[in-house]
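Since the structure comes first, as structure tokens, the remarks are kept for the end.
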Amino acid sequence: MERRHFLGSMAAAAAATQIPLKGSERDSTARITLLHTNDTHSHIEPFGPGNGAASGKGGMARRATMVRQARASIPNLLLLDAGDTFQGTPYFNQYKGKLDFELMSKVGYDASTLGNHDFDNGVDMLLEAMAFARFPFLNCNFDCKGAPALAKRLTPWMIKEFPGFKVGLTGVGVEFKGLVSPENHKGVDWISPDEALKPVIRHLREVQKVDLLVLISHMGYDLHGDAIDDLHLPGLVPGIDVIIGGHSHTFLDHPTKIQQERGETHIFQVGWGGINLGRLDFALSKGQVRAASGRPVPVAAIG
Ligand SMILES: [Zn+2]
């Protein structure tokens, strides 16, 4: 029973989502799937019993299997993470994040970003762990003038090319104040994400002419106040098609759609601890999102 459940969830992760399109649209329409995690917090093993709804869920090995199955059947796919990989289990105390980044590299992540907890052991220890990551860390709102080695390791934006279309990606992190001690982010200053994102979004839209623009955000979904969060960003910085979120550990059943000047922004976040793998499917044509769907896929128990 449990095994069937697991296989069922893998099949769900791998199955092509049927986005209905009119006959004439079919040929000119490109499809892309984004799989994503956030706030995995060193949960390399599945959650044990006594963890409520999370009991028996998660685990890097299962996530790897689900991703491998998905890649086998989905030609255009990106695997992304929204930060806070560090802190939460004895694996972090022992391996200081090196194991997490090594395993994420083996699973085949295309990009991640940095969350506040990724600074928990300071910049030098973060860099030591980042040496085990064979994927870029997207961030455009950390000013690393005083930490040149970290500046070299961060990528403000990148382009992923697929047959017939281009995806632009960038990333933002949450303010350090109250979350990261000054000693632990020495040499790194935070810039408000709206300020940092505007020129990047303009470049990706107007110069790179991307067909889909994805922001990986460790800002939090809804901070219930004036602080900038994922719900505020589309209004402040139009032109973002997708926000893959993190930080607030928010379990969303489906993406939140926000209307902005240039179209809709689809915001998604799938809890924490690797309990779910998020899945977003987009149909694109003529540089625009024509259809979208999304859901969390539970990283379910094996018998
Ligand atoms: Zn966080």
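Every heavy atom of this structure was used, including side-chain atoms; hydrogens, water molecules and symmetry mates were not. Atoms within a ligand are numbered from 1 in the order they appear, just like the ligands themselves.
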field: Number of protein N/O/S atoms that sit closer than 2.8 Å to the Zn ion (ligand 1)
entry: 4
message: Among residues at least two apart in sequence or on other chains, which ones pass side-chain contact (heavy atoms from CB on, under 4.5 Å) with Gln288?
response: Arg290
task: Using the salt bridge (charged side-chain N to carboxylate O under 4.0 Å, His left out) rule, take Lys98 and Asp100 through it: C-alpha gap first, then chi angles, then the decisive distance, then the call.
output: CA-CA 6 Å; Lys98 293 171 186 168; Asp100 298 87; over 6 Å; no
field: Parallel, tilted or perpendicular: rings of Phe176 and His185 (30°, 60°)
entry: parallel
query: Could you state the interatomic distance from CD1 (Ile44) to CE (Met104), rounded to the nearest 0.5 Å?
result: 10.5 Å
message: Are more than 12 heavy atoms, taken from residues, nucleotides or ligands other than Tyr95, located less than 6.0 Å from that residue's OH atom?
response: no
task: Can you label the angle between the His203 ring and the Trp157 ring as parallel, tilted or perpendicular, going by 30° and 60°?
output: tilted
